[in-house]
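Here's the structure we're looking at; comments come further down.
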Protein chains: 2
Amino acid sequence: MLLAANILIVDDEQAIADLVEVYLENENYKVFKFYNGKDALNCIENEKLDLAILDVMLPDADGFSICQQIREKHNFPVIMLTAREEEIDKITGLTLGADDYVTKPFRPLELIARVKAQLRRFTKYNSSEPFQEEHLIAFSSLVLDLDTHECTLNEKKLSLTPTEFSILWVLCSNRGRVVGSEELFHEVWGDKYFTNNNNTVMVHIRHLREKMHDSADNPKYIKTVWGVGYKIDK
Amino acid sequence: MLLAANILIVDDEQAIADLVEVYLENENYKVFKFYNGKDALNCIENEKLDLAILDVMLPDADGFSICQQIREKHNFPVIMLTAREEEIDKITGLTLGADDYVTKPFRPLELIARVKAQLRRFTKYNSSEPFQEEHLIAFSSLVLDLDTHECTLNEKKLSLTPTEFSILWVLCSNRGRVVGSEELFHEVWGDKYFTNNNNTVMVHIRHLREKMHDSADNPKYIKTVWGVGYKIDK
DNA sequence: GTTTTTCCTTAATAACACCTTAAGATTTTC
DNA sequence: GAAAATCTTAAGGTGTTATTAAGGAAAAAC
């Protein structure tokens, strides 16, 4: 049995931290979530972590000082969440020393991809036991590869747009379970928008089904659960 | 199994020292890191080192005096980290005796390249067991040599500029995976800038493709993954 | 130290892929 | 049959990438 990575997320914007927690748990990671630096530091001492996601600006400490303490006593990758680019001037220098940076607002899949890249880079050079990673979702003739962003159905390559890929990824990683359209929206679009634009999701589903030679009535892959959402069977 | 080299890094700017540590460890080197001269000197006496990276300006000693002590009792390469070029005049002379110099801010890849070059040069003439190095990427008619910065495609030499080489190196060492343009930017330009100047990357990609007789539509080598980044297939 | 050359960046524009919107059609539920 | 949810279609708008060319910076040559 392979290990699932332990990931720390620290952000005083609770909405963001909560959201990130959902994404990560969706990918089967064990998540340690905190809204301030003090609790986070405590966690760093007592838990065996594999990666940390830190907001740069915290009420009681900045992400940089936490990053330093991680570097001193431990050795695992750190990803910094930085504010949007206009505000970056104020924190120049603070982000030094992190392994990667993600600017808010971000798309969940982007963050997931970075997390996986860092974990892989780290384990590669530390030759510890590899984590349970799913860069690849494969079942019944459908293959999704997060590394190459390629999708294969019945050995034929489908060229999906980023949003389409993202939707299919979420549905697949939750296969066997109905994903509500609102949940789906947040998983794909992140905190970028707040209006759950249902129609947009539907149009993308339509495009997906078209590319998969699927149809709304009598669907083979993406099934509509009326009044609830969409699902892909196991 | 080949040996991994022991490398000393000394810099009172902890952020810099930490950063260098991360990059070196990613290359499988064993790192001894210190923020002051005193601890560093202690390390030099007690550890069997293979290379030292010294900041010129330290609170309790300058890199030069440390370098002197290394030269007196030991015999391994020394790389000096010097401040930005405007300030170099003030410390001219201090850097004498080192094997190489790197000015801050520096690109991570550049430092790694210098480290490898020095280790190579040194072991060559001391013919002990060679270090484990990866200075060459070779696959399907494309060869990249980090030491000489030479690139060969189909047995024909391409004359790449430093930036072009750097970009191609990053893409190749991540081949089979999409590298986001922001990630690419940070890998190549380092933490020097925070503005992800996407356009600059694109122009270099364009030049690269031109020299490789590649095109944006129907590309053979560098492929664009829309909304995500660039990749080179495995 | 000066000129020459090479290289990097910037900016402006064009071309393209993608996303969203909206409005009407269809299906499902009650 | 009415209401609500979903589906379909197409067009306009947005954002991303490609392409040039030109200015300036850095490096090399003299």
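Naming convention: chains lettered A, B, ... in sequence-line order (proteins, then strands); numbering from 1 in each chain.
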Problem set entry | Salt bridge present between A:Glu25 and A:Lys33 (N-O < 4.0 angstrom) | no

B:Thr161 side chain near C:dC8 phosphate (N/O to OP1/OP2, under 4.0 Å):
yes

With sequence neighbours left out, the residues meeting salt bridge (charged side-chain N to carboxylate O under 4.0 Å, His left out) with A:Arg206 are A:Glu210

Does a donor on one side chain and an acceptor on the other come within less than 3.5 Å for A:Asp18 and A:Tyr35?
yes

- request: Could you tell me whether the side chains of B:Tyr230 and B:Asn174 share a donor-acceptor contact shorter than 3.5 Å?
  value: no

B:Met202 atom CE is separated from C:dA14 atom P, nearest whole Å, by 16 Å

Rounded to the nearest 0.5 Å, the CG atom of A:Leu160 sits from the NE2 atom of A:His204 at a distance of 12.0 Å

With the side chain defined as heavy atoms from C-beta on, A:Arg209 is closest, among D:dT17, D:dC7, C:dC8, to D:dC7

Practice item. Look at the side-chain N and O atoms of A:Tyr230 and state whether any lies under 4.0 Å from the OP1 or OP2 oxygen of D:dC7. Key: yes

Are OP1 or OP2 of C:dT9 and a side-chain N or O of B:Trp189 less than 4.0 angstrom apart? yes

Contacts of B:Ser159 and A:Pro162 projected onto DNA chain C by closest heavy atom; the upstream (5') one is B:Ser159

Paired with B:Lys223, the side-chain hydrogen bond (donor to acceptor under 3.5 Å, both in side chains) test is passed by just one of B:Asp214, B:Asn218, B:Asp233, namely B:Asp233

task = Using atom types as modelled and distance alone, determine if a side-chain donor or acceptor of A:Ser215 lies under 3.5 Å from a backbone N or O of A:Asp217.
result = yes

A:Arg107/A:Leu109 under side chain to side chain contact (heavy atoms under 4.5 Å, CB included): CA gap, chis, key distance, verdict
CA-CA 6 Å; A:Arg107 293 201 168 195; A:Leu109 204 62; 5.5 Å; no

Separation of C:dT9 atom P from B:Glu164 atom CD, nearest Å, is 11 Å

When rounded to whole Å, the CH2 to C1' distance for the pair B:Trp226 and D:dG15 reads 6 Å

From CG of B:Leu160 across to C1' of C:dC7 the rounded distance in Å is 13 Å

Of A:Val225 and B:Gly227, the one whose closest nucleotide on DNA chain D sits nearer the 5' end is A:Val225

A:Phe185 CZ to C:dC19 P, in whole Å, measures 13 Å

Please lay out, stage by stage, how B:Lys234 and A:Asp147 fare under the test salt bridge (Lys or Arg N to Asp or Glu O under 4.0 Å). CA-CA 11 Å; B:Lys234 249 190 176 146; A:Asp147 290 337; over 6 Å; no

In whole angstroms, the gap separating C1' of C:dC7 from CZ of B:Phe165 amounts to 17 Å

When the rotation axes relating C1' atoms of four end pairs to the next four are compared across the helix from C:dT9-D:dA22 to C:dC30-D:dG1, five pairs an end, they differ to 10° by 30°

CG (A:Leu171) and CD1 (A:Ile205) are apart, to the nearest 0.5 Å, by 5.5 Å

Looking across every strand, which nucleic acid part, if any, lies under 4.0 Å from B:Thr200 by heavy atom: base, sugar-phosphate, or nothing?
base

Close N/O contacts between protein and nucleotides 9-11 of chain D (under 3.5 Å):
{"residue": "D:dT9", "atom": "OP2", "partner": "A:Arg206", "partner atom": "NH2", "Å": "2.2"}

note: B:Leu208, atom CG; D:dT17, atom C1'; distance rounded to Å ~ 16 Å

Atom NE2 of A:His204 and atom P of C:dA17 are separated, to the nearest Å, by 17 Å

